[in-house]
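The analysis underlying the following values was restricted to heavy atoms, covering all of them including side chains, and did not include hydrogens, waters or symmetry mates.
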Amino acid sequence: MAEVLVYVDHVDGAVRKPTLELLTLARRLGDPVALALGPGVENTASALAEHGAVKVLTADAAEFADYLVVPKVDALQAACEAVSPAAVLLPSSAEAKEIAARLAVRIGSGIITDAVDLEAGEAGPVATQSVFAAAFSTRTRVSKGTPVITVKPNSAPVEAAPAAGVVEALSVSFSAKATGTKVVSRTARESTGRPELTEAAIVVSGGRGVNGAENFAVIEALADSLGAAVGASRAAVDAGWYPHSSQVGQTGKSVSPQLYIASGISGAIQHRAGMQTSKTIVAINKDAEAPIFDLVDYGVVGDLFEVVPQLTDEIKTRKG
């Protein structure tokens with residue numbers, strides 16, 4: 001059976017959820033082979049094997065931590081030469097998409113970004129994408145070389161599928177450009193205790209209707225009752241009510257959770273482009289003519305300051 005190379009996103013050996021989703025998709029195409037790079041790689045093998053990796057390639061060197069993406073591209077190229085994969089899968093993070101693009105150029109292959117589904121095809125993997133501000137879905141395949149595909153988080157379930165997970169060290173020769181851009185400092189992002197926005201299974205977002213930074217406490221309370229991430233529309237971010245890092249939309253982050261709750265958001269195309277692939281969408285807005293209601297699975301016409309606290313209390317009651 002063909003092997004499928006999966007780039008592992010981890011933090012000091014803790015494998016992040018999008019990688020486990022990639023392993024689910026990789027099993028549709030062949031035998032998953034995981035590539036883990038950098039500090040802590042020795043701790044990734046058990047989780048990767050539990051979720052279907054038949055082999056785990058590992059490499060650790062100072063270059064992976066001290067420099068930007070080129071050392072990781074070098075390692076992926078070496079892995080491709082060692083494995084000859086039927087496809088290379090990466091999560092659709094900003095860094096991984098840059099790695100994917102550079103790798104595709106290196107190996108002379110086509111690239112597909114932000115896939116939301118994958119299936120095996122007679123002529124290679126077929127990816128489903130949401131395009132033109134999520135107005136259309138396309139089914140696409142790479143026609144030249146080894147397909148390099150990035151996949152959006154929450155596009156597949158995390159499924160246990162125990163496999164051998166044989167660990168092999170990968171020999172990597174770094175190119176002259178590998179040390180061209182050095183990381184000179186890092187600042188840890190302050191933790192909110194909530195899930196990462198792009199990876200969260202549930203996202204609760206607030207927009208212009210929240211009417212002030214202090215009122216986002218209502219949105220946060222609902223999110224916390226659901227164990228959700230908090231998002232914001234561009235209007236709310238531009239007004240300074242919430243950080244840009246939480247912006248959902250065409251000029252912010254793209255999310256695809258199982259449940260998306262939009263409160264006080266009109267549904268402009270800029271916002272829809274970042275959340276339209278959510279599995280279930282709920283909107284709360286006092287304007288019955290708001291464009292967001294054309295998109296939703298469930299809509300509530302009402303004042304969010306009345307509806308959201310009631311919803312939060314009901315969730316707490318049912319959980320308690």
Side-chain angles (χ1 to χ4, degrees), residues 3-27 31-83 85 88-100 102-103 150-151 153-154 156 158-175 178-179 181-200 229:
E3 293 183 318
V4 179
L5 189 61
V6 174
Y7 175 77
V8 177
D9 184 7
H10 71 97
V11 179
D12 295 329
V15 180
R16 299 180 69 175
K17 179 171 170 278
T19 295
L20 304 181
E21 295 168 4
L22 289 182
L23 290 171
T24 297
L25 294 172
R27 294 198 302 274
D31 291 327
V33 175
L35 172 65
L37 306 173
V41 291
E42 65 278 2
N43 299 322
T44 63
S46 59
L48 296 170
E50 182 183 345
H51 292 87
V54 299
K55 188 187 302 181
V56 180
L57 303 178
T58 63
D60 188 13
E63 284 83 353
F64 296 128
D66 293 345
Y67 297 90
L68 290 187
V69 299
V70 177
K72 296 171 183 176
V73 179
D74 291 337
L76 263 173
Q77 184 178 10
C80 286
E81 293 169 356
V83 174
V88 181
L89 306 184
L90 304 90
S92 277
S93 64
E95 180 183 79
K97 284 194 279 191
E98 182 177 353
I99 293 171
R102 289 174 177 265
L103 176 67
T150 75
V151 182
N154 294 310
V158 173
E159 297 175 350
V166 177
V167 179
E168 295 183 8
L170 177 70
S171 177
V172 181
S173 297
F174 295 108
S175 62
T179 56
T181 307
K182 185 176 177 63
V183 178
V184 295
S185 67
R186 287 184 172 87
T187 301
R189 183 173 59 189
E190 185 177 345
S191 175
T192 64
R194 302 186 182 100
E196 167 64 31
L197 180 60
T198 57
E199 299 174 13

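- A 4.5 Å side-chain heavy-atom check between Ser175 and Val70 finds at least one atom pair inside the cut-off.
- Summarising the geometry, atom CG belonging to Leu89 is positioned 8.0 Å from atom CG belonging to Leu5; distances are rounded to the nearest 0.5 Å.
- Distance alone, capped at 3.5 Å, is enough to place a donor-acceptor pair between the Thr19 side chain and the Asp9 backbone.
- Distance CG/Leu37 to NZ/Lys72: 7.5 Å, rounded to 0.5 Å.
- Panel note: side chain Glu21, backbone Asn154; a donor-acceptor pair is recorded below 3.5 Å.
- The CG atom of Leu76 sits 12.5 Å away from the CZ atom of Arg102 when rounded to the nearest 0.5 Å.
- Pairing each heavy atom of Thr150 with each of Ala100, the nearest pair is CG2-CB, 3.6 Å.
- Residues Leu48 and Val6 form no side-chain contact, since every pair of their non-hydrogen atoms from C-beta on lies 4.5 Å or further apart.
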Subject >> Audit row: Val69, Glu95, side-chain contact (heavy atoms from CB on, under 4.5 Å) steps and yes/no >> reply: CA-CA 7 Å; Val69 299; Glu95 180 183 79; 3.6 Å; yes
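- Annotation: side-chain hydrogen bond (donor to acceptor under 3.5 Å, both in side chains) contacts of Lys97 (sequence neighbours excluded): Asp114.
- A distance of 7.5 Å separates CD of Glu63 from OG1 of Thr179, quoted to the nearest 0.5 Å.
- Under the side-chain hydrogen bond (donor to acceptor under 3.5 Å, both in side chains) criterion, Thr24 pairs with no residue, sequence neighbours left out.
- Electrostatic pairing of Glu196 and Lys17 does not count as a salt bridge here, judged by no charged N lying under 4.0 Å from a carboxylate O.
- For the residue pair Ala79 and Leu35, the shortest heavy atom distance occurs at CB-CD2, 4.0 Å.
- Across every non-hydrogen atom of Ala200 and Ala229, the tightest pair is CB-CB, 3.6 Å.
- For Arg27 against Glu159, the heavy-atom pair with the smallest separation is NH2-OE1, 3.3 Å.
- Counting heavy atoms from C-beta on, the side chains of His10 and Val41 come closer than 4.5 Å.
- Under the side chain to side chain contact (heavy atoms under 4.5 Å, CB included) criterion, Val54 pairs with Asp31, Val33, Ala163, sequence neighbours left out.
- When side chains are defined from C-beta on, Asp60 counts as touching Pro39, because their heavy atoms get closer than 4.5 Å.
- Taking all atoms of both residues into account, the shortest heavy-atom contact from Asn43 to Ser46 is O-OG, 4.3 Å.
- Looking at Thr44, its side chain never comes within 3.5 Å of a backbone N or O of Gly13 through a donor-acceptor pair.
- Of the possible donor and acceptor atoms, none in the side chain of Asp66 sits under 3.5 Å from a partner among the backbone N and O of Lys182.
- For the residue pair Asp74 and Phe174, the shortest heavy atom distance occurs at OD2-CA, 3.6 Å.
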